[in-house]
Amino acid sequence: MATSTIAGTLHSRHLHCRTLLLLLPYLPIAFLLVDGGGIPTTLDGPFTPATRAFDRSLRQGSEDVPLSDPRLAPRARPPSPEQIALAASADPTSLWVSWVTGRAQVGSHLTPLDPTAVRSEVWYGERPASADTVAHPHHVARGSAEVYSQLYPYPGLLNYTSGVIHHVRLVGLRPSTRYYYRCGDSSLKGGLSDERSFVTLPAPAPDAYPRRVAVVGDLGLTGNSTSTVDHLARNDPSMILMVGDMTYANQYRTTGGRGVPCFSCSFPDAPIRESYQPRWDGWGRFMEPLASRVTMMVTEGNHEIEPQGHGGAATFASYLARFAVPSEESGSNTKFYYSFNAGGIHFIMLGAYVDYNRTGAQYSWLEKDLHKVDRRVTPWVVASWHTPWYNSYSSHYQEFECMRQEMEGLLYQHGVDIVFSGHVHAYERMNRVFNYTLDPCGPVYITIGDGGNIEKIDIDHADDPGKCPSPGDNHPEFGGVCHLNFTSGPAKGKFCWERQPEWSAFRESSFGHGILEVVNSTYALWTWHRNQDAYGEHSVGDQIYIVREPDKCLLQPRGLIPQDWTVPRRDALLQH
């Protein structure tokens with residue numbers, strides 16, 4: 001079924017499809033292929049490329065929500081915790097709890113808070129504190145705390161120092177179990193939070209999966225962003241993947257004021273790319289109602305770089321301090337890339353803004369991590385990083401081609417099933433592809449950078465007349481430039497296609513988020529929810545069953561894909 005036909009059938013048959021989803025583990029494959037419930041599968045592909053045009057009745061963007069908004073303003077008085085968030089550890093028997101105490105400061109001469117002056121405790125158990133705690137006593141876990149600063153040695157720019165950021169790892173948990181918890185410092189009056197609860201992820205197994213995994217990118221904190229999060233929360237996820245560019249605090253001067261869609265356009269004389277760090281605190285408060293009950297896994301984007309110091313020598317201070325991720329547990333020892341298991345899914349979070357070359361630490365770690373995956377236990381492998389390798393929009397077109405050339409072969413060799421990225425502020429789902437060639441064993445790449453940030457939605461395609469970027473456009477903020485002309489197919493010898501590329505199955509410029517529901521070891525339902533459909537009954541923007549074919553797509557033995565498999569680089573752009 002062509003993708004253009006899919007959109008018209010989704011609304012009327014969604015109820016039938018949801019019923020089919022519940023029965024899916026018990027139905028024979030033959031029935032699925034014949035009926036399908038109106039939802040296509042990747043077995044039906046490759047699909048004829050389709051574009052749903054931008055709805056001009058919608059705004060292309062919206063302004064940031066002010067920090068005075070009740071959802072962003074402080075609700076807890078020190079020493080009570082705020083900005084409480086959960087993160088998965090490497091496996092479901094452990095979990096991270098993070099929060100902030102004290103008040104952040106903005107000014108010229110600041111004295112940071114002392115992180116040793118307050119305890120980092122989590123009281124937790126399988127029953128609420130009001131229940132029988134004699135038979136089921138609460139456990140206490142303790143962790144660490146830190147403070148970070150954003151410093152600008154330039155006249156007129158203000159500095160920032162954070163509240164105390166706490167991270168505590170809970171261990172010895174039972175998978176798929178509800179726990180109740182309070183965090184903070186029990187020695188202080190009002191030092192513990194109200195009681196919250198969470199359900200641990202399922203144990204690694206081929207027949208156990210997170211109920212719903214929400215995927216969102218380039219979220220920001222605008223009116224559109226709040227619509228995205230409200231819509232996402234109504235879909236009741238059991239886990240969230242945040243694929244970079246969280247707050248867009250670097251769309252502000254250090255003095256605050258109003259955020260802008262283009263910092264360099266509005267402030268061409270700024271001595272450095274500034275940021276207003278209180279936006280991070282507002283974002284943490286806004287996300288807390290969701291992030292304090294559902295694990296939220298993050299990876300860094302370009303808006304997390306946030307250079308500071310002379311010449312911007314220090315970067316990523318806020319990202320590295322605020323988020324707990326299973327870096328040590330997964331052997332990476334850096335928050336820029338890591339992995340974890342959630343039921344029968346092995347998730348890999350990669351870093352596009354640290355060394356990704358084959359001779360580097362990240363590539364070496366990725367190679368080892370993929371070799372350790374047991375597909376009999378975790379049949380699905382899902383990877384995520386901020387910058388898309390396959391992208392038919394003008395924005396960021398071929399921007400991270402160097403990363404693709406370095407890493408794509410390794411992911412293909414190990415049969416990675418799905419890849420999520422953001423960066424481009426629109427939605428696009430690819431046909432299965434490898435090295436720009438349709439391949440039934442390639443991953444399904446999905447761009448989901450349409451969370452709603454202040455930079456607005458991307459609407460131009462590289463194949464639109466006059467919209468193909470010039471070779472000098474789209475230079476990455478990290479790494480080299482490897483733009484190329486295509487060497488085969490309809491675009492042979494050209495930098496851009498003259499029509500929607502065959503590897504692009506469906507694209508649309510709308511704000512939204514995605515939900516991944518893995519049904520069994522071979523079938524997963526992917527649904528893209530547009531913000532404008534939030535109140536439309538059974539209405540979705542895009543939906544497809546992603547089907548694994550492990551018998552057909554055997555994992556490639558080492559050495560089968562040569563290390564020099566990549567397409568030639570564009571000679572004129574070898575120099576940055």
Side-chain angles (χ1 to χ4, degrees), residues 217-218 243-245 248 250-251 261-265 273 299-305 307 315-316 336-337 350-357 360 362-363 383-408 411 419-430 433 435-436 443 445-451 453 455-464 467-486 491 494-497 500-501 503-504 507 509 566-576:
D218 302 71
V243 297
D245 284 3
Y248 288 78
N250 66 345
Q251 302 300 115
C262 174
F263 185 90
S264 61
C265 306
R273 180 65 180 266
T299 188
E300 73 281 0
N302 55 302
H303 285 271
E304 279 73 64
I305 296 175
T315 55
F316 291 106
F336 291 121
Y337 50 89
L350 296 179
Y353 296 93
V354 291
D355 185 9
Y356 46 68
N357 292 314
Q362 180 174 201
Y363 189 95
S384 179
W385 58 89
H386 183 59
T387 55
W389 293 348
Y390 290 92
N391 164 38
S392 66
Y393 286 82
S394 300
S395 179
H396 306 300
Y397 182 76
Q398 286 199 20
E399 187 176 295
F400 272 75
E401 177 63 18
C402 290
M403 185 183 182
R404 184 193 71 82
Q405 292 183 17
E406 292 293 328
M407 287 186 153
E408 186 180 21
L411 299 185
V419 172
F420 293 114
S421 296
H423 203 40
V424 176
H425 303 158
Y427 174 77
E428 186 169 19
R429 172 174 54 82
M430 314 306 155
V433 61
N435 195 20
Y436 290 112
Y445 290 86
I446 296 173
T447 299
I448 189 80
D450 57 340
N453 67 79
E455 289 185 327
K456 302 182 180 180
I457 202 79
D458 288 322
I459 60 175
D460 293 332
H461 307 114
D463 50 276
D464 291 339
K467 298 299 182 180
C468 179
S470 71
D473 294 336
N474 297 336
H475 282 214
E477 294 180 62
F478 178 86
V481 176
C482 301
H483 295 166
L484 56 82
N485 286 345
F486 294 99
K494 298 176 182 177
F495 186 41
C496 297
W497 285 61
Q500 185 172 352
W503 36 262
S504 172
R507 62 190 182 186
S509 300
T566 53
V567 288
R569 298 185 177 188
R570 189 179 174 90
D571 294 339
L573 293 170
L574 286 176
Q575 300 300 318
H576 193 72

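Taking OH from Y436 and CH2 from W389, the interatomic distance works out to 10.5 Å, rounded to the nearest 0.5 Å. Residue T315 holds its OG1 atom at 10.0 Å from CD of E300, rounded to the nearest 0.5 Å. Of the inter-residue distances, the one linking I459 atom CD1 with S395 atom OG reads 11.5 Å to the nearest 0.5 angstrom. With rounding to the nearest 0.5 Å, the separation of CD in E401 from CE in M403 is 12.0 Å. Distance SG/C468 to NE2/H461: 13.5 Å, rounded to 0.5 Å. If you take CG on N474 and CG on N391, they are separated by 8.5 Å, rounding to the nearest 0.5 Å.
Here the side chains of Q362 and F336 are not in contact, with every heavy-atom distance at 4.5 Å or above. The side-chain heavy atoms of P501 and D463, taken from C-beta on, include a pair separated by under 4.5 Å. No side-chain heavy atom of F263 sits less than 4.5 Å from a side-chain heavy atom of Y248. Between Y427 and S509, the closest side-chain pair of non-hydrogen atoms is not below 4.5 Å. Residues Q398 and F495 form a side-chain contact, since some pair of their non-hydrogen atoms from C-beta on lies under 4.5 Å apart. Looking at V481 and P476, their side chains come closer than 4.5 Å, going by heavy atoms from C-beta outward. Side-chain contact between I457 and D450: present, with at least one pair of heavy atoms (C-beta onward) separated by less than 4.5 Å. Between Q251 and E455, some side-chain heavy-atom pair lies under the 4.5 Å cut-off.
The two residues E477 and N302 make their nearest non-hydrogen contact at OE2-ND2, 3.0 Å. G422 and P388 get closest at one heavy-atom pair: O-CD, 3.2 Å. Residues T299 and E304 come closest through the heavy atom pair O-OE1, 4.4 Å. For P443 against V419, the heavy-atom pair with the smallest separation is CB-CG2, 4.1 Å. Of all non-hydrogen atoms in L350 and M407, the two that sit nearest each other are CD1-SD, 4.2 Å. Contact between P471 and H483 at its shortest, heavy atoms only, is O-ND1, 3.4 Å.
Listed for the S384 side chain is a donor-acceptor partner under 3.5 Å among the backbone atoms of F420. A donor-acceptor pair under 3.5 Å links the side-chain atoms of S394 to the main chain of K467, judged by distance alone. Here the side chain of S504 pairs no donor or acceptor atom with the backbone of M430 at under 3.5 angstrom.
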(message) Is there a side chain to side chain contact (heavy atoms under 4.5 Å, CB included) between W385 and V243? Walk through the geometry before answering.
(response) CA-CA 6 Å; W385 58 89; V243 297; over 6 Å; no
(message) Determine whether E428 and I448 satisfy the following criterion, side chain to side chain contact (heavy atoms under 4.5 Å, CB included), listing intermediate values before the conclusion.
(response) CA-CA 7 Å; E428 186 169 19; I448 189 80; over 6 Å; no
(request) I would like to know whether C496 and F486 meet side chain to side chain contact (heavy atoms under 4.5 Å, CB included); could you show each step before the answer? (result) CA-CA 8 Å; C496 297; F486 294 99; 5.9 Å; no
(request) Please report the C-alpha distance between D473 and Y397 in whole Å, then the side-chain angles of each, then the deciding distance to 0.1 Å, and finally whether the side chain to side chain contact (heavy atoms under 4.5 Å, CB included) criterion is met. (result) CA-CA 8 Å; D473 294 336; Y397 182 76; over 6 Å; no
(message) Go through it in stages, so that I can follow the logic: the residues are E399 and T387, the test is side chain to side chain donor-acceptor pair (under 3.5 Å), and I'd like the CA-CA distance, side-chain angles, deciding distance and then a yes or no.
(response) CA-CA 8 Å; E399 187 176 295; T387 55; over 6 Å; no
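Using cut-offs of 30° and 60° for the angle between ring planes, the Y390 and Y445 rings count as tilted.
For F478, there are no ring pair (Phe, Tyr, Trp, His ring centres under 6.0 Å) partners at least two apart in sequence or on another chain. Residues that satisfy the ring pair (Phe, Tyr, Trp, His ring centres under 6.0 Å) test with H423, not counting sequence neighbours, are H386, H396. Residues satisfying the ring pair (Phe, Tyr, Trp, His ring centres under 6.0 Å) test with Y356, not counting sequence neighbours, are none.
A salt bridge does not link D458 to R507: none of the charged nitrogens lies less than 4.0 Å from a carboxylate oxygen.
Between F400 and Y353, a ring centre-to-centre spacing shorter than 6.0 Å is recorded.
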